2 protein chains.
Amino acid sequence: MSNIKLSKSEENYLKSIFNLSEFGNKQVSTNSISKILNIEPASVTDMIKKLSKKNLIYHEKYKGSTISKSGIKIALQIIRRHRLWEVFLHDKLKFNWDEIHEIAEELEHVSSEMLIDNLDKFLKYPKIDPHGDPIPNKLGEIDFVDKISISDLKINEKGIVSRIINEDEEFFNLLKKLKIEIGSEITLIDKIDYDNSVEILIDKKSVIISKDISNNIKITKI
Amino acid sequence: MSNIKLSKSEENYLKSIFNLSEFGNKQVSTNSISKILNIEPASVTDMIKKLSKKNLIYHEKYKGSTISKSGIKIALQIIRRHRLWEVFLHDKLKFNWDEIHEIAEELEHVSSEMLIDNLDKFLKYPKIDPHGDPIPNKLGEIDFVDKISISDLKINEKGIVSRIINEDEEFFNLLKKLKIEIGSEITLIDKIDYDNSVEILIDKKSVIISKDISNNIKITKI
DNA sequence: TATATATTTTAGGCAAACCTAAAAACAATA
DNA sequence: TATTGTTTTTAGGTTTGCCTAAAATATATA
Ligand SMILES: [Mn+2]
Ligand SMILES: [Mn+2]
Ligand SMILES: [Mn+2]
Ligand SMILES: [Mn+2]
């Protein structure tokens, strides 16, 4: 539809909003965008207005923003570019997996469809990036790979909370108490064989959570 | 010295000023920069002031600009990035040699020294880009290979096209029409004194090309 | 050398993308 | 429900990189 070229800023916002929205299913707060992008809430409001006018998101004043169909489509293309570049940097240029993100964050904004298609072909159409995240294809389709559980981590490995399965209120309250939310960093400290509970480091504090709780928190390794 | 990160605009100006300066030997007029970058002279003056303050160029009011030692150093690094990306796009991603310039114009601004060093290694330290231009090494050193112009050939002498200077799209289209590309064999048939145009044999056909065109095509004798 | 023309700079303005401070709206809780 | 605290928006400002119009300077030519 709207084939207007987006600025680097607009692309970064759109990608973040998409990531916070859990595939377009959740309303995203201005504050959460502000935190992720390290930009003041007032500035985020400015950009929200801009993206709304372009129909890439819908915005309800004081309530939050929802990403639109066309917004999702574009966000998936930016993510596609990002992850393909990460594969290139890791597999071809031999970067370590912890050095690639920042560079890909820049490369993703070089917008040439042919560039990305040729890169995709050169890399032999990879399905996942070096962090294990799935790479959308040209049409924006993703092979859903279920995120791993905390207990799949090895001791001292870190993960970012990427999905909360149980949507009950009590569970949200528990997470709030534990300061666990989408985007939180978790380190596995110990696995307790007795009842399969795990000791994790979250928000600089260590806590032990039950198997049931940890199963409801999906993470991606970092 | 000054290790301040330059903006994309500053980099584009600096590269253009360097290119116009013939390796730092000539003063560059404000108007010539304006024409090359398609930016109004008044805006060029603004940027000249900015680059002067950073000691990347010296500016004499109403006279022109000279690029400084540190300016040259930076310009050569930008050119290095540009040409390495062109090699990548051409050799690895299989772009045609007339499609790469525009994309490299963007990629050159992704500034990570490690990225370029790794790319250089991945490409096996190429010495020339797909247009036949030399690639500066990490230290900014260039292998000078003297190329001659078509009009330097004697009648009936042959040459191999080794460098295309003008990278504009219209020029590429003309070359495509004439079936001239890097590696093409050209025979000089006649020199026309009237306007310094030359008659050449290319792809088994003879054509007359203007002095301007022939000046933009460098060759090596065979 | 005087005048016309071309080049360059100055002055003033605008859009993008950020900021801080203050106001408005919403949510939590006493 | 009234008060307090948090979130979001508005208002006003800055920097970067561009613009147009006009003034200043340099160059060409009569
Ligand atoms: Mn990444
Ligand atoms: Mn980015
Ligand atoms: Mn080029
Ligand atoms: Mn460029």
Side-chain angles (χ1 to χ4, degrees), chain A residues 2 4-17 20-21 26-54 56-67 78 105-106 108-109 111 169-170 172-177 179 181-183, chain B residues 2 4-17 20-21 26-54 56-67 78 105-106 108-109 111:
Chain A
S2 46
I4 322 121
K5 215 237 171 224
L6 298 185
S7 72
K8 186 169 160 173
S9 280
E10 290 171 318
E11 288 193 342
N12 283 333
Y13 272 93
L14 200 59
K15 199 178 57 157
S16 295
I17 292 168
L20 288 166
S21 78
K26 265 182 48 182
Q27 219 177 26
V28 176
S29 75
T30 299
N31 251 12
S32 64
I33 301 169
S34 158
K35 269 165 207 149
I36 268 213
L37 291 175
N38 245 295
I39 292 169
E40 293 301 316
S43 309
V44 173
T45 299
D46 285 350
M47 184 58 89
I48 281 173
K49 284 180 187 160
K50 227 182 136 192
L51 295 175
S52 293
K53 206 178 292 169
K54 295 187 180 188
L56 299 171
I57 62 176
Y58 309 121
H59 183 235
E60 264 190 284
K61 250 194 195 173
Y62 290 101
K63 292 265 184 96
S65 306
T66 314
I67 191 163
I78 302 163
E105 201 57 54
E106 295 302 313
E108 70 186 358
H109 304 294
S111 65
E169 197 180 350
E170 315 93 75
F172 280 134
N173 289 338
L174 169 64
L175 293 180
K176 198 170 271 178
K177 188 184 176 122
K179 300 230 191 293
E181 52 187 0
I182 301 285
Chain B
S2 44
I4 321 120
K5 215 238 170 223
L6 298 184
S7 72
K8 187 169 158 174
S9 279
E10 289 172 318
E11 288 193 343
N12 282 333
Y13 272 94
L14 201 59
K15 198 177 58 156
S16 294
I17 293 169
L20 289 166
S21 79
K26 266 182 49 183
Q27 217 176 27
V28 175
S29 75
T30 299
N31 250 11
S32 65
I33 301 169
S34 159
K35 268 164 206 150
I36 268 212
L37 290 175
N38 246 294
I39 292 169
E40 293 300 317
S43 309
V44 173
T45 299
D46 285 349
M47 184 57 90
I48 280 172
K49 283 181 188 161
K50 226 181 135 195
L51 295 175
S52 294
K53 207 177 291 170
K54 296 187 179 187
L56 299 171
I57 61 176
Y58 309 121
H59 183 235
E60 264 191 284
K61 250 193 196 175
Y62 290 101
K63 293 265 183 97
S65 306
T66 314
I67 191 164
I78 302 164
E105 202 58 53
E106 296 302 313
E108 71 186 358
H109 304 294
S111 66

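To find a chain, count down the sequence lines: A is the first, B the second, and so on, and within it residues start at 1. Because the structure is predicted, anything quoted here is derived from the model rather than measured.
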- Message: For B:I39, is there any backbone N or O sitting under 3.5 Å from a side-chain donor or acceptor partner on B:S34?
- Response: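 Yes, the answer is positive, given that a donor and an acceptor are paired below the 3.5 Å cut-off.
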- Item | Heavy-atom donor-acceptor pair, A:S21 side chain to A:K26 backbone, under 3.5 Å | no
Please report the distance, rounded to the nearest Å, between [atom1] in [X] and [atom2] in [N].
X	N	atom1	atom2	value
B:I48	D:dC18	CD1	P	13 Å
B:D46	D:dT20	CG	P	13 Å
B:L37	D:dC18	CG	C1'	12 Å
A:K8	D:dT16	NZ	C1'	14 Å
B:K49	D:dT15	NZ	P	16 Å

Identify the heavy atoms of [X] and [Y] that sit nearest to each other, and give their distance.
X	Y	value
B:I48	B:I57	O-CD1, 3.7 Å
A:I17	A:V28	O-CG2, 3.6 Å
B:K15	B:I78	CD-CG2, 3.7 Å

- Task: Please find the earliest and latest nucleotides of DNA chain C, in the 5' to 3' direction, that have an atom within less than 4.0 Å of any heavy atom of chain B.
- Result: C:dT7 to C:dT10
Could you go over nucleotides 5-8 of chain D and give all protein N or O partners under 3.5 Å, atom names and distances?
| unit_1 | atom_1 | unit_2 | atom_2 | d |
| --- | --- | --- | --- | --- |
| D:dT8 | OP2 | A:N31 | N | 2.7 |
| D:dT8 | OP2 | A:N31 | OD1 | 3.4 |

- When you look at NZ of B:K5, are more than 12 heavy atoms from neighbouring residues, nucleotides or ligands closer to it than 6.0 Å?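 Counting neighbours around NZ of B:K5, more than 12 heavy atoms of other residues, nucleotides or ligands fall under 6.0 Å, so yes.
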- Message: Let's go through B:E106 and B:K8 carefully: what are the C-alpha distance in whole Å and the side-chain angles of both, what is the deciding distance for side chain to side chain contact (heavy atoms under 4.5 Å, CB included) to 0.1 Å, and is it a yes or a no?
- Response: CA-CA 9 Å; B:E106 296 302 313; B:K8 187 169 158 174; 2.5 Å; yes
- Tell me, with the steps shown, if B:I33 and B:M47 meet side chain to side chain contact (heavy atoms under 4.5 Å, CB included). CA-CA 11 Å; B:I33 301 169; B:M47 184 57 90; over 6 Å; no
- Message: Using a heavy-atom cut-off of 4.0 Å across all strands, would you classify A:S9 as base, sugar-phosphate, or nothing?
- Response: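 Since only primed, P, OP1 and OP2 atoms lie under 4.0 Å of A:S9, the category is sugar-phosphate.
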